[in-house]
Amino acid sequence: MKNRINQLLEEISQLAATNQEELEALRIKLLSKKGEISILFNDFRNVANEEKREVGQLLNELKNAAQDKINELKESFSNSGASDQKTDLTRSADPIKLGTRHPLSIVKHEIIDIFSRIGFTIAEGPEIEDDWHVFGALNFPPEHPARDMQDTFFIEQNPDVLLRTHTSSVQSRVMATQKPPIRMIFPGRVYRNEAISYRAHCFFHQVEGLYIDKDVSFADLKQALMYFAKEMFGPDTQIRLRPSYFPFTEPSAEMDISCNLCGGKGCQFCKHTGWVEILGCGMVDPNVLENCGIDSKIYTGYAFGMGVERITNLKYQVKDLRMFSENDVRFLQQFESAY
Ligand code: DAH
């Protein structure tokens with residue numbers, strides 16, 4: 001009986017009627033002599049003595065609730081005069097706004113998707129790191145100027161706890177725990193102590209790639225990167241590798257793609273060179289392999305690292321990096337995408 005009463009209470013709270021006839025039908029169903037509530041009152045004599053008090057109270061509550069609801073509905077009709085059609089229940093409801101994926105997520109997923117098609121799997125590592133995984137294992141000597149190049153956020157004045165400045169740190173973790181062959185990408189957020197402007201932010205996103213096996217060569221690296229560039233920016237995209245320096249790769253290079261805005265003819269975006277830089281790469285330095293417990297006489301490997309914001313800018317021409325973290329819906333709504 002208690003269940004039935006509670007069920008009716010619930011139903012009553014949601015009752016609605018669009019006109020007087022419906023209201024009268026509700027009243028008869030609930031409160032007339034043969035109505036549901038009267039039937040419950042009749043059954044009350046069968047309730048066990050020790051429950052009578054509680055059930056009696058509930059029953060009265062139910063009756064009052066029904067009466068109140070009927071009165072309330074009645075009043076709403078009389079207030080609105082002749083407007084039986086005050087609420088058009090056949091009208092469709094306001095559509096619920098669906099969110100959109102963040103442009104950085106769209107592009108990150110696209111990068112992951114492209115590399116997963118050639119056998120790369122994914123791993124992630126911590127954003128709060130130690131010096132060894134961000135610098136030490138990656139062949140940055142203690143006083144190496146490259147450590148200054150990347151202005152680092154240290155935590156609580158402890159130089160051993162820091163926010164990672166690049167996702168290359170995941171390389172050191174994966175190599176130390178897994179045996180080759182390793183063919184993985186590491187997407188994630190990184191932090192640098194930069195003044196925030198339209199072209200720099202104190203946090204941004206990277207995807208790092210790593211392939212370690214026997215006989216991995218620079219030609220393999222070039223082929224994988226060319227495949228990536230064409231998948232990401234279209235089949236006509238050209239790539240060019242310029243010699244560079246990173247402590248963790250030897251030889252090192254930076255990769256440019258033909259500017260996908262002007263098709264290589266030269267525009268403001270590519271500073272009239274026809275090329276835009278999109279990533280750093282190289283052959284993993286033997287010191288790094290050894291630091292992570294991999295025999296550099298047996299294994300070689302390549303690595304690369306790219307900025308997700310940079311790739312997103314190239315795809316969508318977002319001119320101000322700050323837009324990515326301001327969460328302005330007018331900006332985000334432009335990225336409705338099936339991805
Ligand atoms: N970690 C570099 C950076 O943040 C990017 C990079 C360059 C990653 C070369 C690599 C690499 O794996 O081989 O600027």
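Remember, it's 1-based here, ligands and their atoms both numbered in the order they're listed.
- Between the side chain of T312 and the backbone N or O of V308, at least one donor-acceptor pair lies under 3.5 Å.
- The shortest N/O to N/O separation between F304 and ligand 1 falls below 3.5 Å.
- At a cut-off of 3.5 Å, with distance as the only test, no side-chain donor of T100 or E336 sits close to an acceptor on the other residue.
- Side chains of E254 and S244: a donor on one and an acceptor on the other come within 3.5 Å.
- Residue contact check: G282 has heavy atoms under 4.0 Å from atoms 13 (O) of ligand 1.
- Under the 4.0 angstrom criterion for non-hydrogen atoms, Q171 is in contact with ligand 1.
- Of the candidates R164, H166, R192, it is R192 that places a heavy atom closest to atom 14 (O) of ligand 1.
- Annotation for ligand 1: atoms under 4.0 Å from non-hydrogen atoms of E208 are 8 (C), 10 (C), 12 (O).
- If you number the atoms of ligand 1 from 1 as listed, the ones under 4.0 Å from a heavy atom of A303 come out as 12 (O), 13 (O).
- Under a 4.0 Å criterion applied to the non-hydrogen atoms of T249, ligand 1 contributes the atoms 13 (O).
- Under the 3.5 Å distance criterion, with hydrogens and angles disregarded, no donor-acceptor pair is assigned to the side chains of H166 and Q206.
- Near S168, meaning under 4.0 Å from one of its heavy atoms, ligand 1 places the atoms 1 (N), 8 (C).
- Under a 4.0 Å heavy-atom criterion, Y302 is not in contact with ligand 1.
- Put simply, the side chain of D160 gets close to the backbone of D131: a donor and an acceptor are under 3.5 Å apart.
- Listed for the T249 side chain is no donor-acceptor partner under 3.5 Å among the backbone atoms of S252.
- Ring-plane geometry between F324 and H102 is classed as tilted, the angle between the planes lying from 30 to 60 degrees on a 0 to 90 degree scale.
- Within the listing of ligand 1, atoms 3 (C), 4 (O) sit less than 4.0 angstrom from a heavy atom of Q206.
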